[in-house]
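Here the structure is laid out as structure tokens; the discussion comes afterwards.
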Amino acid sequence: MGIEKHGVTIMHMNEKMDEGDIILQEKLEIGEYETTGELWDRLSKKGAEILVEAIRQIEEGTAKRIKQGNSFTIAPMIEKSEARIDFSKTAREIKNKVYGLNPFLGAYTIYKEKKIKFWKVEILDNKVASEILEKEITENILSRRNTFSRYKNGIICKSKRRCAKNIRNSRRKCKKDAYI
């Protein structure tokens with residue numbers, strides 16, 4: 001499914017990284033089609049709001065000191081190779097990768113020795129994708145694992161468990177939607 005919530009924390013500093021006592025913390029739901037960049041902007045605004053409140057509480061002497069414990073995780077660095085789309089994954093997994101890497105890094109595939117980056121994804125219902133495949137196909141592109149079908153507005157690819165991913169706004173400045 002992907003991560004559904006993220007948050008901001010204001011904490012007291014200590015000698016270790018991200019281990020100080022918590023003053024304030026707030027969680028935010030991640031939208032189904034929210035990019036990392038959009039989430040980053042919302043977290044920044046929320047962080048600024050609760051920072052002002054934390055400063056007020058510190059000045060008034062009412063700031064809490066909640067021990068963190070050991071339940072936090074540190075996110076690993078993402079390697080460039082991890083951004084490559086694996087079309088044997090489910091449509092949801094591909095969608096999550098595309099949105100999770102937008103705008104930083106960008107999910108990509110290689111086609112005819114060229115890197116194509118993808119920035120927006122919509123999972124298509126099998127019925128909708130089938131209608132497009134039946135009526136609007138202009139060319140089929142076969143790979144070892146998948147069949148990509150070109151139609152007037154883009155490309156469709158059948159994924160592991162759901163029919164199609166609608167990927168828009170590739171870095172190649174495509175004017176049409178690309179369905180993958």
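All residue numbers refer to positions in the sequence shown, counting from 1.
Qualifying side chain to side chain contact (heavy atoms under 4.5 Å, CB included) partners for E59, counting only residues two or more places apart in sequence or in other chains: I55.
The CD atom of E79 sits 9.5 Å away from atom CG of L105, with the distance rounded to the nearest 0.5 Å. Taking CD1 of I10 as the reference point, atom NZ of K64 lies at 14.5 Å (rounded to 0.5 Å). Taking NZ of K27 as the start and NZ of K5 as the end, the distance is 6.0 Å to the nearest 0.5 Å. In this structure, CZ in R56 is found 5.5 Å from OG1 in T62, a value given to the nearest 0.5 Å. The CZ atom of R65 sits 11.5 Å away from the CD1 atom of I22 when rounded to the nearest 0.5 Å. Remark: K97 NZ to E82 CD distance equals 7.0 Å, nearest 0.5 Å.
Follow the hydrophobic side-chain contacts under 4.5 Å out from L51 and you reach I23 in the same cluster. Hydrophobic cluster membership is shared by I50 and L39, with clusters built from Ile, Leu, Val, Met, Phe, Trp and Tyr side chains linked at under 4.5 angstrom. L24 and I58 fall within a single hydrophobic cluster, where Ile, Leu, Val, Met, Phe, Trp and Tyr side chains are chained together by heavy-atom contacts under 4.5 Å. Using a 4.5 Å cut-off between side-chain heavy atoms of Ile, Leu, Val, Met, Phe, Trp and Tyr, with links allowed through other members, W40 and V98 fall into different hydrophobic clusters. In the hydrophobic cluster analysis, where Ile, Leu, Val, Met, Phe, Trp and Tyr join through side-chain heavy atoms closer than 4.5 angstrom, I94 is grouped together with Y33.
The nearest pair of heavy atoms linking V8 to L43 is CG1-O, 3.4 Å. Considering all non-hydrogen atoms of both residues, G106 and A83 come closest at O-CB, 3.5 Å.
For the residue pair T9 / Q25, a side-chain donor-acceptor distance below 3.5 Å is found, with atom types taken as modelled.
Relative to the ring axis of Y108, K117 does not place its NZ or CZ within 45° and under 6.0 Å from the centre. Stacking of K120 on the aromatic ring of F118 is not recorded, the 6.0 Å distance cut-off and the 45° axial limit not both being met.
Looking at E32 and K95, their side chains come closer than 4.5 Å, going by heavy atoms from C-beta outward. In this structure the side chain of F104 reaches within 4.5 angstrom of the side chain of T36, judged on heavy atoms. Within the 4.5 Å cutoff, the side chain of H6 has heavy atoms near those of the I30 side chain.
The backbone N or O of Q57 lies less than 3.5 Å from no partner atom in the side chain of E60, so there is not a single donor-acceptor pair. Using a distance-only test at 3.5 Å, with no hydrogens or angles considered, a donor-acceptor pair links the side chain of N102 to the main chain of W119.
The hydrophobic cluster of M77 has no other members, since no ILVMFWY side-chain heavy atom comes under 4.5 Å of it.
Note on R42 versus E34: salt bridge recorded, some NZ/NE/NH1/NH2 to OD/OE distance being below 4.0 Å.
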Query raised in the report: Please walk me through it: do D21 and I66 pass side chain to side chain contact (heavy atoms under 4.5 Å, CB included)?
Result: CA-CA 5 Å; D21 294 344; I66 303 165; 6.0 Å; no

